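As the structure lists them, so they are numbered: ligands from 1, and atoms in each ligand from 1. Small disclaimer: the values here were computed from a predicted structure and weren't measured.
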Amino acid sequence: MGDRPRWSRIVLKLSGEAFAGDIGYGIDGGTLRMLANEIVEVRQSHQVDVAVVVGGGNIWRGQIGAGEGMDRAQADQMGMLATVINALGLQDVLEQLGQPTRVQSAVHMAQIAEPYIRRRAIRHLEKGRVVILAGGLGSPFFTTDTPAALRAAEIEAQAVLKGTHSGVDGVYTADPKVDPTATKLDQVSYMDVLNRGLNVMDPTSITFCMDNSLPIVVFDVTQTGNLRRVLDGDHAIGTLVK
Ligand code: UDP
């Protein structure tokens with residue numbers, strides 16, 4: 001472990017469920033503050049540029065509506081709006097901690113957030129602001145894993161950090177909740193993730209990261225200090241996909 005962080009610019013993917021804490025739905029204030037503290041630490045103490053892609057699954061997922069007969073594209077648009085709610089919540093707690101932020105949304109809503117503009121996002125990061133990316137790709141039929149990968153490539157981040165929750169601390173050979181013989185992998189290749197159907201991120205985002213040589217670290221973001229440890233190069237934390 002050196003003194004300098006492993007990467008100087010990252011995309012942190014936070015799923016909406018990570019915001020819900022034990023409640024399982026909506027936003028839990030204590031959980032949000034914990035996550036914000038983690039981000040502020042790596043931004044301010046480690047000088048790491050952080051763009052956060054937020055999900056919306058704590059409020060709504062398109063698949064839920066589609067499963068009940070809704071038009072999928074419409075249901076996905078509801079999901080995209082859910083990510084904006086989470087983004088504004090995260091912005092509020094980060095700014096209460098004194099951390100300048102900007103929310104950029106792929107779905108245009110001028111009164112609430114800046115539009116996503118790549119060059120502007122990079123400029124914010126260079127000025128030490130945390131950029132929160134909402135609205136996914138702005139297109140239905142995706143989850144927020146794909147914009148996490150795409151935006152990382154666009155803003156020249158060196159890695160995607162996929163924060164998990166609910167005790168999931170990395171990638172396992174099988175689902176540890178179902179299969180007691182499942183073991184955690186320290187490192188795994190993109191191809192293995194795809195071929196073995198390992199639960200990491202959506203296959204679309206894995207393929208994108210593979211094509212663009214973007215490493216992914218899957219780790220439990222709800223454990224205090226884990227985000228910093230990943231950036232310190234502590235290989236005991238999470239699973240590296242490369
Ligand atoms: N979504 C979408 N396009 C995108 C990103 C998200 O349509 O580019 C919708 C989709 O319905 C998804 C919902 O937004 O289910 C919430 O995002 P996600 O499922 O990724 O949230 P997470 O699981 O990370 O909380």
Side-chain angles (χ1 to χ4, degrees), residues 10-28 31-32 34-36 38-39 50-91 103-109 112-113 115-118 121 131-155 160-168 171 175 198-209 216-222 227 238 241:
I10 57 157
V11 164
L12 174 65
K13 161 73 208 285
L14 290 179
S15 78
E17 277 170 7
F19 286 21
D22 294 335
I23 309 169
Y25 179 83
I27 298 176
D28 174 55
T31 306
L32 200 55
M34 180 266 152
L35 293 170
E38 296 288 292
I39 293 167
V50 184
V52 188
V53 170
V54 288
N58 54 324
I59 300 168
W60 182 260
R61 276 181 213 285
Q63 295 95 315
I64 299 172
E68 291 177 3
M70 271 187 82
D71 177 69
R72 171 72 192 264
Q74 176 117 344
D76 278 341
Q77 286 172 338
M78 291 167 67
M80 287 185 249
L81 295 180
T83 72
V84 180
I85 294 175
N86 286 332
L88 295 180
L90 181 62
Q91 176 173 46
V103 174
Q104 292 200 342
S105 175
V107 179
H108 291 194
M109 38 179 82
I112 289 180
Y116 171 70
I117 297 172
R118 175 180 162 267
V131 177
I132 305 169
L133 298 169
L137 287 174
S139 302
F141 297 95
F142 287 96
T143 74
T144 50
D145 285 345
T146 301
L150 172 64
R151 300 307 186 217
E154 287 187 71
I155 65 173
V160 176
L161 272 53
K162 160 96 177 183
T164 60
H165 53 91
S166 310
V168 180
V171 182
D175 184 348
L198 300 176
N199 191 9
V200 178
M201 289 169 76
D202 282 357
T204 317
S205 59
I206 300 290
T207 307
F208 184 92
C209 286
I216 305 164
V217 180
V218 182
F219 72 107
D220 185 354
V221 70
T222 63
L227 178 59
V241 184

In the protein, what heavy atom is nearest to atom 20 (O) of ligand 1, and what distance, to one decimal place, separates them? Thr144 OG1, 2.5 Å
Under a 4.0 angstrom heavy-atom cut-off, which atoms of ligand 1 come close to Pro140? 7 (O)
Atom indices of ligand 1 within 4.0 angstrom of Gln63 heavy atoms, with elements: 15 (O)
Students should be able to answer this: which protein heavy-atom is nearest to atom 13 (C) of ligand 1, and at what distance? Gly79 CA, 3.6 Å
Would Phe142 count as a polar contact of ligand 1, with the cut-off being nitrogen or oxygen pairs under 3.5 Å? yes
List ligand 1 atoms under 4.0 Å from Ser139, heavy atoms only on the residue side. 2 (C), 3 (N), 4 (C), 7 (O), 8 (O)
Before accepting this row, confirm whether a basic side-chain N of the pair Asp145/Lys162 lies closer than 4.0 Å to the acidic partner's carboxylate O. yes
Below 3.5 angstrom, do we get any N/O pair linking Asp145 and ligand 1? no
Return yes when atom CG of Asp175 has more than 12 non-hydrogen atoms of other residues, nucleotides or ligands closer than 6.0 Å, and no otherwise. yes
Given side chains that start at C-beta, do those of Asn86 and Ile27 come closer than 4.5 Å, heavy atoms only? yes
Can you confirm whether the side chains of Thr204 and Asp202 place a donor and an acceptor under 3.5 Å from each other? no
What atoms in ligand 1 come closer than 4.0 Å to a heavy atom of Lys13? 24 (O)
Show me which atoms of ligand 1 lie under 4.0 Å from any heavy atom of Ser15. 22 (P), 24 (O), 25 (O)
Where is the nearest protein heavy atom to atom 21 (O) of ligand 1: which residue, which atom, and how far? Gly56 N, 3.0 Å
Top protein contact for atom 7 (O) of ligand 1, by heavy-atom distance: Asp76 CB, 3.1 Å
Distance from atom 19 (O) of ligand 1 to nearest protein heavy atom, with residue and atom: Arg61 NH1, 3.1 Å
